[in-house]
Amino acid sequence: MMFSEYLDFIQSGTNAPASTLTVPSAPPSAIIGNYIPRIDGPRKTTGVAAYAADYNFPRLAYAVPVRSTIASGKILSIDSAAASKLPGVLLILDHSNVPAIFKSGSGGRISESRPPLSDDTVYYWGQYIALVVAETLEQANAAASAVRVRYAPDKFNVSTSLDDPMPAIGAEGGPRIVSHRGDSDAAFASAPVQIDAVYTTPAETHNPMEMHATVAVWKGDKVTLYESSQGVVNHLNVMAQVLGIPKENIDVISRFIGSGFGGKLFPWPHSTLCAVAARQLNRPVKFMLARDMMFSNSGHRPRTEQRVRLGAMPDGKLLSLQHDYRNHTSLVDNVTENCGEATPFLYSTANLRVSSGLVKRNIGSPTPMRGPGAVPGLYALESAMDELAIKLNMDPVQLRLGLDTLTDESNGKPFSSRHLKECLQVGADKFGWSKRNPAIGSMRDGDLILGWGVACASWGAGRGVSQCNVSLRDDGTARASSATQDIGTGTYTVIAQVVSDRTGIPVEKVDVVLGDSSLPPGPMSGGSTATATVIPSVMDAADAAIKTLLAAAVSTNGSPFFGRDAASLALTNARVHLKDQSPDSGVPYEQVLKLAKLAGADGEGKSGGYGSDTDGKNFSNHSFGAQFVEVQWDPGIARLRVSRVVTVIDGGRIINYLPAVNQIAGAVVMGVGMALFEETIYDPNNGHAINDNFADYIVPTSADLPAIDVHFLDIPDPMMGHYGARGIGEIGLAGVAPAITAAVYHATGIRVRSLPVRIEDLLPSKVLV
Ligand code: MOS
C-alpha cells in the first residue's frame, strides 16, 4: 500500500467497538496482516498449557535457597546440623560441599558470571549461600529458615546517588565514549539556546506473572531442564558449560512462558543449582523462585543518572547533543544500561557525544529489561527535547519534525525504513494535538487540568540466524518446529500464519512446536528480534516442504501429475495444481501424499541474519514511534491520572494485529508504571530490596490505565526479507515516560527529572482551578 493510501485508510477511522483499548483496522481477509486469534489461546485459557513449575514427576523433591541477610562481607560459618535433622530434608549444599560448577565461557551468555556457592564471600543481600532440598516445599522452606549463618559483615554501598568519582570520559576506568561526531563541547558552548539537565531513572524489577522456575530431571548422564526461558538454545549452551557435560546430554523445555521482559533471557543461578542438586540426589528437583526472590536473584533494570546537554539555534536547529550517563551494576558483573541506544541517530545534529559509565553497588546483577538502555535513555533525551521546545517557544512536535533525518548520522547510512515524521503526524492528528494550548495549566475539563505531552520512540530492528522444519502431513495438517519459544508475544501464531500463507493450509490446521532445545536451533525471544528472525526460516522451510511435495507429485505412479516437470506445478489453497491452471483444477495435497505413501512432505529451512538476503548491511535499521499522552491533574486533591495515550508505531509490516496491538498496549501500561509507580528500593541499612512484593512494589492496575489507542504505519521494511516485518516487543515502551512527564509539566508547571513522578513532586504546583 502507498503511504498516502495508508493514510486515507487509517484516517477513515476504526471499526472496533469503543473500549479502553482501541484496535486499529487492518487490511481484511489476508492471512498476513489480519486479526488472527492466538493458536495457543485455548490451551492457556483452559489450563492445559504447562509452564516450567507445572511439571511434576514421581519422587520430585523441592529446592529452597538460603539467602544472605548482609549485603557485603564473609560467611564465617554455616551451621546446617539442626536443619538437616528436620523432617524430609534430603540435601543441604553450601560453598563447602557443593559439587563442581564451572564458569560459563564463550558461546552462551549467562546472567551472573560468578558460579553460585563459589566461596564464602557475599556481594549483595539475597545472594544464594546455601540450598536446601526436601521431600516437600514446606519442609524445604522450614529447613532453609533453620540454617544458621554467621557473618563478618563489611561496609556496603546501595546509594541511589550515582555521582561516584571516576576518571574523565574516555580515560582509563572512566566512562567510555559510545558515539561522537564533530566538536560537541565547543558547539554547546557557543549555542545561543542551551539545555543542561540531569535525569534519573530508578532500579525497576521485572515482574512477569510467571516466576522463574526450573525442574531438573536426570536419566543417567542426561538431563532435561523444564525452564522458564526466553532462549532455550542459549540456556542449553550455558548449562553444558556450567555443568561440564556435552550439549547433546541436555534438553531445555520451555513450552509456555508467562512472560519475561528480559529477565529470562539468560540463565540465572537457580537453574544451575537445581540441576546440580538433582544430579547429586538422582531425583527430579524443582526450584521455583518466590516473588520476593525475584527482586534480588533474577535481575532488574539498573538505576541510571543521565546528563543531557542540548545546544540549539532559536529556530530549533540542533547544534550539539551530549548524553553522558552512568548506571549502577553489581560487584560481580559489569552490565551496561546503554541509555544512548537511540541518541546517535534520532535527530540531525553535526556535533554529538554519547558516553557511558558504570558504578558498582552491592546488589544482584542487573539484566536487560524491555527496551534496555533506550527506554531510560529516551526518558532523558526526550525530556530534554521537551524542555528545549519550551525554551524556544516552539511546538514540541514541530521541533522534532524539523530535526528528522533519513540518514543515520552516526554512520552515514540511510535508514532502511524510517517514518518517524509520519508517526508524529498521524499521532498528532489522531490525538487532536492542533487543539493544544501550550500555556501551563490552560486546558481544562471541568475541575480537572489537562496536560498534553509528546515524545518519540525508537528501538533497534535486529534479525539473527534461525532454522525451522515444516512438514505437510497426510491428514491435511502441517507441523512447524523450531527451537525458539513464545514468551507470550504470539510467536506460535505468527509461525502458523507464515506456513498458512505459503501453503494455503488453514492456520488452525498448523501445529507449531516450539520451546525445546532439541528442535532445529531458533532465536532467543529478545531484543524484539524473534519475529523478524524466525519467519524467513519458516518461509524457507515451508517452500522446501512444498518442493518435496511437488517432487512426489511428479514421481508417483497414479498421481495426476506423474511424469510432469515439478516446476510446472504449484501449491495454492492446499491444492496441488498446474501453475497455469486454477487451483480448483488440482487435487488436495494430502491426496498426493497418500498416493505416494508418504506420511508427510518435509522441508528444512534456514535463514541468515540481517543483510544475508538483502542489501541490509548498507542501511541503518531501527523501529520508530510517537507517543501522545494526556494527563488529568486535580489540584484540589493532588490526584494525577494518565487519561489518554495515542501511540503510533513504525515497526515494519505487522503480521498479526491482535498480538501486535497487545504488545504495544502492554508496553504503554508498563510505561505508565515506569513514569508513576515503579521503583525497587534497596534499604540503606542492609541492602535488602525492601519492597520485594506486590503490595509495596507498585505496578499499574486497570483502574490506573488510560484509554490506549494503538496505530501501526504497517510499512514493510524492505531490508527485513520477504515479509518486511520487524519485532515490536519493546518499541511501545520507549517514549511513554517522557511523554507523561511532558504532559505533567504542561498541566502543573512542574518538571519531574527523577522517576517515578510522586505526588509530593507536584504539590508545589501553582496551577489552581
Ligand atoms: Mo527483551 S529486554 O530483549 O526481553
Side-chain angles (χ1 to χ4, degrees), residues 108-112 201 203-212 227-235 238 254 256-268 294 298-302 304 327 329 333 335-339 341-342 365-379 457-464 466 484-491 494 514-515 522-534 609-610 621-623 625 649 651 659-660 662-664 666-671 673-674 678 680 726-737:
R109 182 168 162 187
I110 196 165
S111 288
E112 192 175 290
T201 61
E204 290 179 274
T205 299
H206 316 66
N207 270 292
M209 289 284 282
E210 182 208 13
M211 261 81 76
H212 289 257
E227 184 71 44
S228 188
S229 170
Q230 291 178 235
V232 292
V233 174
N234 179 72
H235 203 95
V238 168
S254 295
F256 293 96
I257 300 150
S259 197
F261 304 118
K264 296 172 180 171
L265 283 170
F266 314 116
W268 290 99
M294 293 188 36
S298 54
H300 62 280
R301 192 200 293 282
T304 75
N327 67 269
T329 183
D333 286 295
V335 178
T336 296
E337 182 76 6
N338 183 22
C339 296
E341 200 261 346
S365 292
T367 207
M369 180 168 168
R370 206 174 199 174
V375 163
L378 283 165
Y379 165 64
S458 175
W459 180 248
R463 180 186 148 190
S466 178
T484 184
Q485 52 288 308
D486 187 332
I487 61 166
T489 47
T491 307
V494 162
L514 308 176
M524 299 201 83
S525 301
S528 299
T529 61
T531 297
T533 298
V534 79
Y610 183 66
N621 194 236
H622 300 271
S623 287
I649 300 296
N662 183 241
Q663 278 296 296
I664 301 303
V668 168
V669 172
M670 206 161 167
M674 177 183 178
E678 291 194 55
T680 306
R726 303 187 195 129
I728 51 162
E730 290 160 291
I731 179 83
L733 178 53
V736 176

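Here, residue 1 is the first one in the sequence, and each next residue gets the next number. Note that these values count all heavy atoms, side chains included, but never hydrogens, waters or copies made by symmetry. Order of appearance sets the numbers: ligands from 1, and atoms from 1 within every ligand.
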Exercise. Any N or O on G262 sitting closer than 3.5 Å to an N or O of ligand 1?
Worked result: yes

Exercise. Could you give the distance from OG1 (T367) to NE2 (H300), rounded to the nearest 0.5 Å?
Worked result: 9.5 Å

Exercise. For atom 3 (O) of ligand 1, what is the nearest protein heavy atom, given as residue, atom name and distance?
Worked result: G527 N, 2.5 Å

Seminar exercise, completed: Output for pair (E730 CD, S528 OG), nearest 0.5 Å, gives 3.5 Å

Exercise. For the atom pair CG (L733) and CZ (F261), what is the distance rounded to the nearest 0.5 Å?
Worked result: 9.5 Å

For this session: Measure L265 to ligand 1 on non-hydrogen atoms and call it side chain, backbone, both or neither using the 4.0 Å cut-off.
Result: side chain

Exercise. Do the charged groups of R301 and E678 touch, with an N to O distance under 4.0 Å?
Worked result: no

Exercise. Considering distance alone, does some N or O of S528 sit under 3.5 Å from an N or O of ligand 1?
Worked result: no

Problem set entry | Atoms in ligand 1 with a heavy atom of F261 nearer than 4.0 Å | 2 (S), 4 (O)

Seminar exercise, completed: Here the atoms of ligand 1 under 4.0 Å from any heavy atom belonging to R370 are 2 (S)

For this session: Give the numbers and elements of all ligand 1 atoms closer than 4.0 Å to a heavy atom of P372.
Result: 2 (S)

Problem set entry | Where ligand 1 meets G526 - atom numbers and elements under 4.0 angstrom, heavy-atom basis | 3 (O)

Problem set entry | M674/V375 under side chain to side chain contact (heavy atoms under 4.5 Å, CB included): CA gap, chis, key distance, verdict | CA-CA 10 Å; M674 177 183 178; V375 163; 3.4 Å; yes

Exercise. Is it true that the NZ or CZ of R109 lies under 6.0 Å from the centre of F266's six-membered ring and within 45 degrees of the ring axis?
Worked result: yes

For this session: Identify, for atom 1 (Mo) of ligand 1, the protein heavy atom at the shortest distance, and state residue, atom and that distance.
Result: E730 OE2, 3.0 Å

Exercise. Could you walk me through whether T329 and S365 pass the side chain to side chain contact (heavy atoms under 4.5 Å, CB included) check?
Worked result: CA-CA 6 Å; T329 183; S365 292; 5.8 Å; no

For this session: Any atoms of ligand 1 less than 4.0 Å from a non-hydrogen atom of M369? List them with their elements.
Result: 2 (S)

